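Scroll down for the structure; my scribbles are underneath it.
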Amino acid sequence: MKLTLEGLKDRESWSKAGIALPSYDVAAVARATREAPVWVHMGIGNIFRIFIGGIADQLLREGLTDKGITCVETFDYDVVDKIYAPFDNLALSVTLHGDGTTDSRVLGSLTEAVRAQSADPASWSRLKEIFRAPGLQLVSFTITEKGYALKNASGEYFSFVQADIENGPAKPTGAMAVVAAMLLERFRCGGAPIALVSMDNCSQNGSLLRRSVLTMAGAWKERGFVDQAFIDYISDEKQVSFPWTMIDKITPRPSERVADMLEAAGVENMQPVITSKKTYIAPFINAEGPQYLVVEDSFPNGRPPLERTGVFMTDRDTVNKSERMKVTACLNPIHTALGPYGCVLGYELFSDEMRDPQMLELARRVGYVEGMEVVPDPGILSPKAFLDEVIQERFPNPYLGDTTQRLSVDVSQGVGVRFGETVKAYVARYGDAKRLQAIPIAIAGWLRYLLAVDDRGEPFELAPDPMLPELTAQLSGVKVGDPSSLKDQVRGILSNVNIFGVDLYEAGIGDRIEEILREEIAGPGAVRAALKKHLA
């Protein structure tokens, strides 16, 4: 069985393998979408394919639409060449349940894959054509938090952003410049309305996306590339809206075990690949069953009936509360607290780490104790019920295969929201954050992780993070086995408002974090000893 349009014609073999196939004409949907696109998505990796692609697939299966999603890759073009093109843009979703059972389905809703590459004339021309379509209703995004970033921790433009500003809309390379250039194309062809919908784990993600796009466009105006009329167009949310969202579905890297299972069932060429930009991806996507998507209902050019697929369509305040519930208290802070510690303590699988008594206690305190005290209640979801499901069912799922290494990716980009927002809430309520105990332990653990030496004294590889060179340089001279080597190296990190959203010394917890870190670098076994002491 081949995951191609031709391969799907042998429906009996797929049925015997227990893999559901699209009930709609995939080729016809692709043609209709190409001719009149309605939904573009940027950042076409794992969570997009199984979650957002799954939503579009359900809309197609239930006859609620006749169009799929136009897929645009802004960063890793190998994904298009190695995962989309060879498989006719089909994807195989595998849901991993906690009892060991799986549900598998071929998704035909991903109709086209385009590189957002201005250096490739054919791709660039096609992208412009897509954005000129007056019926295009929305552009959604899963490009991770760093995809929206224009400046480094020092507040200076990244070099590629500065180049995008100087080069103008004809030759952008970064995602935000690409988006601004495509909005300019749309404006020049009549200025039809559109919604730009971030679905990344960023606090107030719609505002973040809007701010980055407007910053890029404003810099172009200063250099004469665009005029005020374009700025007015993208500034008017009745024309170009930026709805806020909350998204949640744990989607680990594709598992070789799942690949072997699919190949044993007769599906060819399922093994994962690692692209040149270190993207872990496969023809299939494996993920948990639970999923949540809360979206501000602000779509000036219309939208698909997303609420028919379980999406919560609501107002901005409810989205904000839902996002804060998840990202600052009930899920992401626990990932960020436990991921780096898991690497240091020698855990590969997160589900195994969740059986560690100290790690489970750290998770409990970060969520139930410190986060829950200041978390808002969105009304549509219960924070306690959500956290109960996370701690009792989702995180311990041994079949999910989520790794501590994945949870340690890009931590510097998330700590400002996942910990910093709670720190600021405590400062606002009590005058300082000295009541916090677990979050300082978590931050100390991240700094200890950045030393790239585990609790046995053995070196390990750090997960990708755009700030790694800067952070490791600041920690230079700190040595595991020599607590006296820790002097003032971490002060520049813990006081950096661009990282944490707050100066942790001014908040009253910077010195405590230093003390815990000093204990954790005492030598082999020191991390475990410090955790037992502080989590007793």
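This one's a predicted model, so the numbers in the text were calculated from it and none came from an experiment. Worth knowing before you read on, the calculation uses all heavy atoms, side chains too, and leaves out hydrogens, waters and symmetry mates.
- Asp454 CG to Leu451 CG: the interatomic distance, rounded to the nearest 0.5 Å, is 11.5 Å.
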Return all side-chain donor-acceptor pairs below 3.5 angstrom for residues 477-486, not counting sequence neighbours, or 'none' if the list is empty.
from: Asp482; atom 1: OD1; to: Ser484; atom 2: N; distance (Å): 3.2
from: Asp482; atom 1: OD1; to: Ser484; atom 2: OG; distance (Å): 2.5
from: Ser485; atom 1: OG; to: Lys479; atom 2: N; distance (Å): 2.8
from: Ser485; atom 1: OG; to: Lys479; atom 2: O; distance (Å): 3.4
from: Ser485; atom 1: OG; to: Asp482; atom 2: O; distance (Å): 2.6

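- Centroid-to-centroid, the aromatic rings of Phe460 and Tyr449 come within less than 6.0 Å.
- Here the straight-line distance linking atom OH of Tyr341 with atom CG of Leu362 works out to 7.0 Å at 0.5 Å rounding.
- Of the inter-residue distances, the one linking Ser382 atom OG with Glu389 atom CD reads 11.0 Å to the nearest 0.5 angstrom.
- Residue pairs satisfying the salt bridge (Lys or Arg N to Asp or Glu O under 4.0 Å) criterion with at least one member in residues 322-342, sequence neighbours excluded, are listed as follows: Arg324-Glu421.
- The salt bridge (Lys or Arg N to Asp or Glu O under 4.0 Å) pairs that include a residue from residues 206-220 are Arg210-Glu237, where partners are two or more places apart or lie in different chains.
- Side chains of Leu494 and Glu514 form a contact here, defined as non-hydrogen atoms less than 4.5 Å apart.
- For the residue pair Tyr148/Gln413, the side-chain donor-acceptor check at 3.5 Å is not satisfied.
- In the model, Asn205 has a side-chain atom that pairs as donor or acceptor with a side-chain atom of Thr245 under 3.5 Å.
- Residue pairs meeting the salt bridge (Lys or Arg N to Asp or Glu O under 4.0 Å) criterion with at least one partner in residues 367-377, sequence neighbours excluded, are Glu373-Arg429.
- Between Lys278 and Asp78 there is no salt bridge, since none of the side-chain N atoms of the basic residue sits less than 4.0 Å from a carboxylate O of the acidic one.
- Taking the six-membered ring for Trp and thresholds of 30 and 60 degrees, Phe395 and Phe350 have ring planes more than 60 degrees apart, a perpendicular arrangement.
- The side chain to side chain contact (heavy atoms under 4.5 Å, CB included) test applied to Ala287 returns Ile50, Lys249, Thr251, not counting sequence neighbours.
- Residues satisfying the side chain to side chain contact (heavy atoms under 4.5 Å, CB included) test with Lys532, not counting sequence neighbours, are Gln358, Arg528.
- Side-chain contact of Ser255 with Asn286: a donor-acceptor pair under 3.5 Å is absent, judged by distance alone.
- With rounding to the nearest 0.5 angstrom, the OG1 atom of Thr318 is 11.5 Å from the CE atom of Met246.
- Within the 4.5 Å cutoff, side-chain heavy atoms of Ile44 are placed close to those of Val80.
- Screening residues 367-390 for ring pair (Phe, Tyr, Trp, His ring centres under 6.0 Å), with sequence neighbours left out, gives Tyr292-Phe386.
- Arg448 CZ to Ile521 CD1: the interatomic distance, rounded to the nearest 0.5 Å, is 8.0 Å.
- With sequence neighbours excluded, the residues that form a side chain to side chain donor-acceptor pair (under 3.5 Å) with Lys384 are Asp388.
- Evaluation of the ring pair (Phe, Tyr, Trp, His ring centres under 6.0 Å) test over residues 396-426, restricted to residues two or more places apart or in two chains, returns Tyr426-Tyr430.
- Listed by first and then second residue, the salt bridge (Lys or Arg N to Asp or Glu O under 4.0 Å) pairs that reach into residues 403-419 are Glu145-Arg418, Lys146-Asp410, Asp402-Arg406, sequence neighbours excluded.
- Residues in residues 160-181 take part in these side-chain hydrogen bond (donor to acceptor under 3.5 Å, both in side chains) pairs, two or more places apart or across chains: Gln162-Glu166, Asp164-Thr173, Glu166-Arg223.
- Partners of Arg518 under the salt bridge (charged side-chain N to carboxylate O under 4.0 Å, His left out) rule, at least two apart in sequence or in another chain, do not exist in this structure.
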